[in-house]
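Everything quoted here is computed from the prediction, not taken from an experiment.
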Amino acid sequence: MSKTKMKFIGRHLMLKGEYIEKVLNGEKKATIRKGVYKPKYDEVIIHAGGRPIAKAKITRVYYKKLSELGEYEARIEGFNNVEELINELKKVYGRISKEDYFTIIEFEVIQRLDELASEDPYYGLTPADIARIALRYLDKELTELDRKILLDLTRTNSIRKTAINVFKDLNKRGIVRKAIRKALRFLIERNLISTQEKQSLESGE
């Protein structure tokens, strides 16, 4: 493995849309990637089916050759047995050999993005989380100033610090809050995230 080039995973973990329910119900607790990967952060936003679905904490990262993958890896990936897992890896990566290295990234969902807390001003999300999601999905909806504010929030996660960084004025916190609320509004309107209240209304409860 020493000769294998290390790749890095940032704040966003991308999965296939067919895995949405398995991730949200806890059946899928890992993702296996061909090659050697190292997450840069302990917490990531999981995306599937063209939208963010959950915030997760990475709990373990380890490496195995294809020939070393077993029933444990199959189960945490949401498969019934290792044969199903290998078949899926072949579908995704095409030709693979027993000596190919794979990275197993185990995670725990800590916040679903389809049932956020309606009573919280920012629906239980941090400014940085809102900014990261908005910058990934909202293109036409954001102004250049919005993007500048949100980009700074991804680094500071602080309304106060971003007001100082962007405007050199702590009293401009209101403009930062306005950009956050605007991003949230568009994310909800586009059904990229959803609140508990909205889910209840749509289900007729």
Side-chain angles (χ1 to χ4, degrees), residues 7-24 28 31 33 37 39-58 92 107 109-204:
K7 301 174 184 177
F8 294 93
I9 293 175
R11 292 285 188 181
H12 303 276
L13 189 61
M14 314 305 291
L15 302 179
K16 293 167 69 174
E18 64 193 70
Y19 295 139
I20 292 175
E21 288 307 314
K22 283 188 175 184
V23 170
L24 296 180
K28 180 178 173 66
T31 181
R33 305 291 171 93
Y37 288 84
K40 290 183 177 180
Y41 309 97
D42 291 335
E43 291 186 357
V44 295
I45 295 171
I46 298 177
H47 305 256
R51 63 185 175 90
I53 63 170
K55 186 175 178 181
K57 182 177 180 62
I58 293 177
V92 174
F107 56 79
V109 171
I110 56 177
Q111 187 177 33
R112 292 176 57 146
L113 300 182
D114 63 337
E115 50 179 33
L116 297 170
S118 306
E119 65 276 7
D120 187 275
Y122 299 137
Y123 304 109
L125 294 170
T126 67
D129 288 335
I130 295 167
R132 291 184 186 110
I133 296 170
L135 288 170
R136 196 168 190 92
Y137 290 96
L138 303 179
D139 183 21
K140 298 177 181 178
E141 295 89 345
L142 301 176
T143 66
E144 285 304 313
L145 178 58
D146 292 333
R147 291 190 185 91
K148 187 174 182 180
I149 291 170
L150 294 173
L151 183 60
D152 195 78
L153 282 169
T154 66
R155 303 176 182 129
T156 68
N157 195 31
S158 167
I159 292 171
R160 293 170 60 88
K161 289 179 181 178
T162 290
I164 293 172
N165 290 345
V166 175
F167 301 105
K168 312 300 181 187
D169 186 350
L170 185 60
N171 294 322
K172 300 293 186 180
R173 297 191 304 275
I175 300 176
V176 178
R177 294 191 186 97
K178 184 178 179 181
I180 296 172
R181 289 194 295 268
K182 176 182 178 180
L184 267 175
R185 185 176 75 252
F186 281 121
L187 289 171
I188 291 172
E189 286 177 358
R190 289 184 53 185
N191 290 317
L192 290 164
I193 61 175
S194 185
T195 65
Q196 295 169 350
E197 182 180 33
K198 185 176 181 181
Q199 288 284 40
S200 296
L201 289 172
E202 289 177 350
S203 64

Interatomic distance, OG1@T195 vs CD@E119, rounded to 0.5 Å, equals 9.5 Å
Is it true that a side-chain atom of N157 and a backbone atom of A128 form a donor plus acceptor pair closer than 3.5 Å?
-> yes
Hey, is CZ on R160 packed in by over 12 heavy atoms from elsewhere, all under 6.0 Å? no
Margin query: What I want to check is whether the side chains of N165 and T162 have a donor and an acceptor closer together than 3.5 Å.
Written below: no
One should read off an interatomic distance between E141 CD and R185 CZ, to the nearest 0.5 angstrom, of 10.0 Å
Between I159 and R177 the two heavy atoms that sit nearest each other are CD1-CG, 3.9 Å
* To do: Decide yes or no on side chain to side chain contact (heavy atoms under 4.5 Å, CB included) for Y123 and I188, but give the supporting numbers first.
  => CA-CA 11 Å; Y123 304 109; I188 291 172; 3.4 Å; yes
- [ ] Using the side chain to side chain contact (heavy atoms under 4.5 Å, CB included) rule, take L113 and I133 through it: C-alpha gap first, then chi angles, then the decisive distance, then the call.
- [x] CA-CA 11 Å; L113 300 182; I133 296 170; 4.0 Å; yes
Taken to the nearest 0.5 Å, the spacing of T31 OG1 from F107 CZ works out to 6.5 Å
Taking distance alone, no hydrogens or angles, what donor-acceptor pairs closer than 3.5 Å link side-chain atoms of residues 43-53 to residues at least two apart or in another chain?
| residue | atom | partner | partner atom | Å |
| --- | --- | --- | --- | --- |
| E43 | OE1 | K55 | NZ | 3.3 |
| H47 | ND1 | Y137 | OH | 2.6 |
| H47 | NE2 | H12 | ND1 | 2.7 |

| message | Side chains of R147 and D139, heavy atoms from C-beta outward: is any pair under 4.5 Å? | response | yes
Exercise for the section: Apply side chain to side chain contact (heavy atoms under 4.5 Å, CB included) to the pair L13 and I58, showing each step before the final yes or no. Expected result: CA-CA 10 Å; L13 189 61; I58 293 177; 5.7 Å; no
Checklist entry - Would you call K178-D146 a salt bridge at under 4.0 Å N-O? => result no
Sorted by chain and number, sequence neighbours left out, side-chain contact (heavy atoms from CB on, under 4.5 Å) with V109 holds for V23, A54, R112
Tell me whether the count of non-hydrogen atoms from other residues, nucleotides or ligands lying under 6.0 Å of NZ in K7 goes above 12.
no
| message | Within the supplied structure, the quantity of interest is the number of heavy atoms (other residues, nucleotides, ligands) at a distance under 6.0 Å from K148 NZ; does it exceed 12? | response | no
R11 and K40, any side-chain heavy atoms less than 4.5 Å apart: no
Beyond-backbone contact of V176 with F167, side-chain heavy atoms, under 4.5 angstrom: yes
On a heavy-atom basis, the closest approach of T154 and A131 is CG2-CB, 3.7 Å
Quiz item: Does NZ belonging to K172 count more than 12 external heavy atoms closer than 6.0 Å?
Solution: no
The reported gap from CG in L142 to CG in L151 (rounded to nearest 0.5 angstrom) is 11.5 Å
- Task: Let me see the working for L150 and R132 under side chain to side chain contact (heavy atoms under 4.5 Å, CB included), right down to the final yes or no.
- Result: CA-CA 8 Å; L150 294 173; R132 291 184 186 110; over 6 Å; no
With the side chain counted from C-beta on, respond yes when L153 and R155 share a heavy-atom pair under 4.5 Å apart, and no when they do not.
no
Here the gap from T126 atom OG1 to I180 atom CD1, rounded to the nearest 0.5 Å, amounts to 9.0 Å
message: Is it true that, when you exclude D42 itself, more than 12 heavy atoms of the residues, nucleotides or ligands shown sit nearer than 6.0 Å to its CG?
response: no
dist L192:CG -> D114:CG (nearest 0.5 Å) comes out at 12.5 Å
Note: R33 and M14 closest approach over all heavy atoms is NH2-O, 2.7 Å
Shortest non-hydrogen pair, L184 vs P121, comes out as CD1-O, 4.1 Å
